[in-house]
Amino acid sequence: MREAPIGVFDSGVGGLSVLAEIQRLLPNETLLYVADCGNVPYGEKTPEFIRQRCSVMAGFFQEQGAKALVLACNTATVAGVADLRRDYPDWPIVGMEPAVKPAAAATRSGVVGVLATTGTLQSAKFAALLDRFATDVQVITQPCPGLVELIENGDLHSPALRQLLSSYVAPLLAAGCDTIILGCTHYPFLKPLLRQMIPEDISLIDTGAAVARQLQRLLSARDLLAEGSAREAQFWTSSDPVHFGHILPILWKGLGVVDRFGR
Ligand code: DGL
């Protein structure tokens, strides 16, 4: 069981930013990744639809013998992680949510910005997160429609993307944010571009590394950490594997085969 793979999924390529953190921290683990590109963006879908996709993914990774599941997607987590934990009570499941707690602790200006999908920002789980950790700070939320679609095409710095991103960041800067939460796993790929757009003393926070650490804790507590060497990562996409195969090397440094996910 220790050598069993870990299942990771996202609506598309965004979760690769999390996968990289998992691989960095846990290099012995064999990783399986499903990009649900046929249904991207999750951020504009209903919670019911996303819950259904989460259930399809969980069923698939169970069949693959995955020893743990990672929802490398904030939008999927707010909609679906509670149901998955109810349905698979003994399976280590790691979800992710915008880093409100560390941002509230880090801000000096008392103003924190959140870039995330519409689905995440409108969720009850996100409202609860603010109630719990952001009572003493001002939080400016900014949905970013259109950004995920560009990143899905491997676009990390075209003029169109630059313009869209800058229109989303401008209100946060105007409000005096000194800490910006990247609340969608696609956005860490835009960090180099964001750094050019914002003053140096503004911090960018995402949760990929924290997710990897949480996964390590859960596996270690169950004595499930792999000891041998990892097998090559395997990727599936519910859209075109050839297209995914072109984008993958832009966003993922390792090797891996890509198959079609037909569910
Ligand atoms: N990458 C996802 C997230 O972390 C969702 C992007 C989308 O499909 O809208 O929220």
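Hydrogens, waters and symmetry mates play no part in the numbers below; they use all other heavy atoms, side chains included. Both counts, for ligands and for their atoms, begin at 1 and track the order of listing. Only a predicted model underlies this, so the values are computations on that prediction, with no experimental measurement involved.
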Is there a side-chain contact between M1 and L224 (heavy atoms, below 4.5 Å)? yes

Flag for R217-Q214: side-chain donor and acceptor within less than 3.5 Å: yes

Taking heavy atoms and a distance under 4.0 Å, where does T75 meet ligand 1: side chain, backbone, both or neither? both

Just to check, does G12 reach to within less than 4.0 Å of ligand 1 when the distance is taken from its heavy atoms? no

D10 heavy atoms, cut-off 4.0 Å: which ligand 1 atoms fall inside? 1 (N), 2 (C)

Out of the candidates K67, R231, Q216, only one should pair with E29 under the side-chain hydrogen bond (donor to acceptor under 3.5 Å, both in side chains) rule; please name it. K67

Give the contacting part of V40 toward ligand 1: side chain, backbone, both or neither, where contact means a heavy-atom distance below 4.0 Å. side chain

Which segment of T117 sits under 4.0 Å of ligand 1 when only heavy atoms are counted: side chain

In ligand 1, which numbered atoms sit nearer than 4.0 Å to a non-hydrogen atom of G43? 7 (C), 8 (O), 9 (O)

Given F261, which partner from the list F235, W236, F60 fulfils the ring pair (Phe, Tyr, Trp, His ring centres under 6.0 Å) test? F60

What I want to know is whether A72 and ligand 1 share at least one N or O pair that is separated by under 3.5 angstrom. no

Parallel, tilted or perpendicular: which one describes the rings of Y33 and F244, with boundaries at 30° and 60°? parallel

Side chains of T30 and E3 only: does a donor on one sit below 3.5 Å from an acceptor on the other? no

Do any nitrogen or oxygen atoms of E44 lie less than 3.5 angstrom from nitrogen or oxygen atoms of ligand 1? no

Which option wins on minimum heavy-atom distance to atom 4 (O) of ligand 1: T77, T207, T185? T185

What I want to check is whether the side chains of S203 and T179 have a donor and an acceptor closer together than 3.5 Å. no

The atoms of ligand 1 lying under 4.0 Å from a heavy atom of S11, numbered in the order shown, are 5 (C), 6 (C), 7 (C), 8 (O)

